[in-house]
Amino acid sequence: MTTDASARQWILLLSLTALLLSVAVISQVLSRYASAYLAAPREVAAFLDAVDSTIAENESYDLDITKIQRLEDKLRLSRLLRDIQKGGDALREDVNLLMVGEDDSRLRTGARLLWASKRAELQEKVRQLDLLRMRFLVVQMGIIAGIATEAATAKKKKKHAATAAAAAAAAFSTPINDLEKSDMAFSEPRPGFLPRSLTDSIKARPPLRRLTTQAIGHQNSVEVPHRMGWAGVVQELQKSPLLHKRHASIEMSMAQAS
């Protein structure tokens, strides 16, 4: 009899414990659903705003794709944009199913009572949609950075080519200019190269003239050729009496010194 009584006591104790645990779990579930029921109007408005912002962002993404020039990059972004549009359309359909009507933002009674479970499903879809947006932005920024790098590299190469061309042109033009300057230096005598006394004596001498003699029955002409250039100048200097005097004075001074 004692064993039966103790067994009944244990069964009663375990039943009460299970009942208390069930009540605790049920109370937690009920409190969670009750709080979700109260917060449902505010949270469903946030989901509607997310759907509307998704539509506006899709339009801006479409404009960004039109600015891309490379076909491969444009196709990649177009595929990502289609995935974003599909996710946004699915989220919109799920939210519309929970509404009383298309123009009414109130939730249905059953959807509001079970809003705790419905909210988790909608949050998961919003998270997936945000991941797709982040992926699109990362790919877009990578494409823009690649285009900017290619443009900078092309500009740098063009600048180096222009610098090399200018250096080559300067290298080819410098020897030619130096050669022209040297030719001018050799062809044109510098002023003051000869002493003033010699130049005065050269200017004082009369120019050479042609001498002709005529005789009866025949004609003889004696012509002194006129030398041109520096050879004529040297010959004129050799005939100058002033130069002869200087040579004589130099020889006398050398003889006295010896």
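As a basis for the values below, the full set of heavy atoms in this structure was taken, side chains included, without hydrogen atoms, waters or symmetry mates.
- Each of Lys155, Arg70, Lys157, Lys156 was compared with Glu150 under the salt bridge (Lys or Arg N to Asp or Glu O under 4.0 Å) criterion, and only Arg70 meets it.
- Gln85 places none of its side-chain heavy atoms less than 4.5 Å from the side chain of Ile55.
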Can you check side-chain contact (heavy atoms from CB on, under 4.5 Å) on Ile143 and Ile147, steps first, answer last? CA-CA 6 Å; Ile143 292 171; Ile147 293 173; 3.9 Å; yes

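- Inspection of the Arg133 and Thr54 side chains reveals an N or O donor paired with an N or O acceptor under 3.5 Å.
- Rounded to the nearest 0.5 angstrom, Thr149 OG1 and Ile144 CD1 are separated by 11.5 Å.
- Taking each heavy atom of Ala36 and Trp115 in turn, the nearest pair found is O-CD1, 3.2 Å.
- Taken to the nearest 0.5 Å, the CG atom of Asp83 stands 12.5 Å off from the CG atom of Leu131.
- Here the shortest heavy-atom pairing between Ala24 and Ser27 reads O-OG, 2.5 Å.
- Between Thr66 and Lys74, the closest heavy-atom pair is O-NZ, 4.4 Å.
- Both Leu132 and Val51 sit in one connected hydrophobic cluster of ILVMFWY residues. Membership requires side-chain heavy atoms under 4.5 Å apart, directly or through other members.
- Distance alone, capped at 3.5 Å, is enough to place a donor-acceptor pair between the Arg112 side chain and the Tyr37 backbone.
- Within a 6.0 Å radius of CD in Glu124, more than 12 heavy atoms belonging to other residues, nucleotides or ligands are found.
- By the 4.5 Å heavy-atom criterion applied to side chains, Val126 and Asp130 are counted as neighbours.
- For the pair Lys118 (side chain) and Ala111 (backbone), a donor-acceptor distance under 3.5 Å is absent.
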side-chain contact (heavy atoms from CB on, under 4.5 Å) assessment of Gln140 paired with Ile68: CA-CA 9 Å; Gln140 184 183 9; Ile68 303 299; 5.6 Å; no

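- You'll find the side chain of Leu77 stays beyond 4.5 Å of the side chain of Tyr61, heavy atoms only.
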Output a table of donor-acceptor pairs, distance under 3.5 Å, between side-chain atoms of residues 8-21 and any protein atom two or more places apart or on a different chain; print 'none' if there are none.
{"unit_1": "Ser15", "atom_1": "OG", "unit_2": "Ile11", "atom_2": "O", "d": "2.8"}
{"unit_1": "Thr17", "atom_1": "OG1", "unit_2": "Leu13", "atom_2": "O", "d": "2.9"}

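- Shortest non-hydrogen contact noted between Phe136 and Ile84 is CB-CD1, 3.9 Å.
- Shown here for Gly88 and Leu129, the closest heavy-atom pair between the two residues is N-CD1, 3.7 Å.
- Nearest heavy atoms, Arg119 versus Phe47: O-CZ, 4.2 Å.
- Using a 4.5 Å heavy-atom threshold, the side chains of Ile65 and Leu81 count as touching.
- Contact of the Ile26 side chain with the Leu30 side chain is registered, since non-hydrogen atoms from C-beta on lie closer than 4.5 Å.
- Checked by atom type and distance alone, the side chain of Arg108 never pairs as donor or acceptor with a backbone atom of Leu98 at under 3.5 Å.
- At a threshold of 4.5 Å between non-hydrogen side-chain atoms, the residues Leu122 and Arg127 do not count as touching.
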Verdict with reasoning, Arg135 to Leu80, per side-chain contact (heavy atoms from CB on, under 4.5 Å): CA-CA 8 Å; Arg135 185 179 178 185; Leu80 291 174; 3.7 Å; yes

